[in-house]
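Here's the structure, in structure tokens; my notes come after.
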Amino acid sequence: MYLTNEEEKIYNGEYGETLEMCMNLIVSLGDIYGAEKLIDVTSAQVSGVSYKTIGEKGLEFLRDMSDSGLKVSVPTTLNPAGMDLIEYEALKFPADFAKKQLEIIDYFEKLGIELGCTCTPYLSGNVPRFRDHISWAESSAVCYSNSVLGAYTNREGGPSALASAILGKTSYYGYHLDENRIPNFKINLDLDFEKIGLKCNNKINNMASYGLIGRYVGRIVKNGIPYFNFTNENNNNSLNLKSECLKGLGAALAASGGIALYHFKGITPEAICTYDNDVINGNLKFDDEITITNDMIEEELSKFDNEQKIDLICIGCPHSGISEIKTVVDILLEEKKSLKTDLWICTSIYTKAIADRMGYTKIIEDAGGKIVVDTCMVVAPIEKMGYKYVATNSGKAATYLPNFCNSEVIYGSIEELIRKGLNQ
Ligand SMILES: C[C@@](O)(CCOP(=O)(O)O)CC(=O)O
Ligand code: SF4
């Protein structure tokens, strides 16, 4: 791979061992995937923050990194940690876990990373521009930034995103190259959304529908690049999809498959700028094509035991924006009852600040729920906190909860789950 003189010096250890290690990691990945050179990145997003997922080995790695005195050289944000960094005692996180988690956060702070621990940094200031090259690790955020924002990133791991953050560079391969971003799997959504067996209004614009689609399509497409289009004549207004649906779709695709990028006819920027015309004119040939019908989505939904009594309702995978919190609040105001289950709405401190100001936090807390920041139902040790039957509106959480937290999953829309929680 071509390296500039300066990059060569870093690679050869002239600026110390830690920088050398970062450069080695980035160059090795580039060598494996055939990169010609390094490119600058405009931001990084680092995963591997929860003590639950990185353990003692990860903590020691971060201690060594922060002891080097190096700092990140581009704006860098963090994935969720293993607990709410403010209310961890009230939420009854185990004390030994909390101690380790705070230590990890200190190391990230020393590295100069912004401490808003969230998997949706694009809702709170770390917002790449169209065609920015970035180095992001969280798979749902990778899918969102590549697909919805049109930025360019590979699916980094925690260490490679951190190395990129410090160097301000990544290797030029994979999704950084236009030729590797061409869709190869056509997905016709021939769905009559209103007939999907979820209980909510406007199912074509509800994140829970897209979690089911994402789980199903992810398994089939694996690590290809899907191109979605609505084909059912009932899907009028389908181009006004809420960003939370696109967020939920990408997260589920990335969790059940290895997808890092999707295109959506008439919706995502590269589809509109680059591919839609060629698809319409028949100039873009796909390797494969599948039509998604209601039966497939019902099959996906039938995998959950939705009659089960719920211990914990979790909203916010990926982290909630303010509109999802408002959906919860609207139901609580309408029903005027208290919750009979625990409720966590997982989000960032940024979004919670707005929820506080809008009075939403109080309404949720008065009903017995919590807005939980900095963490989520997957990377928090909920299995050690007595939660077994966990309800979610997220296709990604539904995919990960059984393995990460040993949970039994109940699946539904926000509307449906909150009503269940009020009435069970
Ligand atoms: C499951 C996930 O969203 C969170 C756990 O990852 P980590 O603790 O940030 O390594 C990671 C991912 O999907 O990239
Ligand atoms: S599991 Fe979901 S909520 Fe948790 S970090 Fe990943 S995307 Fe975010």
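Just follow the structure's listing: the first ligand is 1, and inside any ligand the first atom is 1.
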Polar side chain donor-acceptor pair, Ser43 to Trp136, under 3.5 angstrom: yes
Phe230 and Phe193 aromatic ring geometry - parallel, tilted or perpendicular at 30°/60° bounds: perpendicular
Sequence neighbours excluded, every pair satisfying ring-ring contact (aromatic ring centres under 6.0 Å, His included) that has a member inside residues 139-164: Tyr122-Tyr144, His133-Tyr152
Pair Asn146-Arg181, side chain to side chain contact (heavy atoms under 4.5 Å, CB included): steps then yes or no: CA-CA 9 Å; Asn146 268 330; Arg181 298 175 68 88; 3.1 Å; yes
Set of residues that line ligand 1, where lining means a heavy atom lies under 4.0 Å from it: Ser47, Gly48, Thr53, Asn79, Ala137, Glu138, Ser139, Val379, Lys396, Tyr400
Plane angle bin for Trp344 and Tyr387 - parallel if under 30°, tilted between 30 and 60°, otherwise perpendicular: perpendicular
Cationic tip of Lys37 above Tyr172 ring, under 6.0 Å, 45° of axis: yes
Any residue meeting side-chain contact (heavy atoms from CB on, under 4.5 Å) with Ala163, in chain and number order, not counting sequence neighbours: Cys22, Leu25, Ile26
Ring geometry between Phe97 and Phe93 (parallel below 30°, tilted from 30 to 60°, perpendicular above 60°): parallel
Sum of protein N, O or S atoms, each under 2.8 Å from atom 8 (Fe) of ligand 2: 1
Stepwise salt bridge (charged side-chain N to carboxylate O under 4.0 Å, His left out) check, Asp356 with Lys352: CA-CA 6 Å; Asp356 290 352; Lys352 173 149 185 302; 3.3 Å; yes
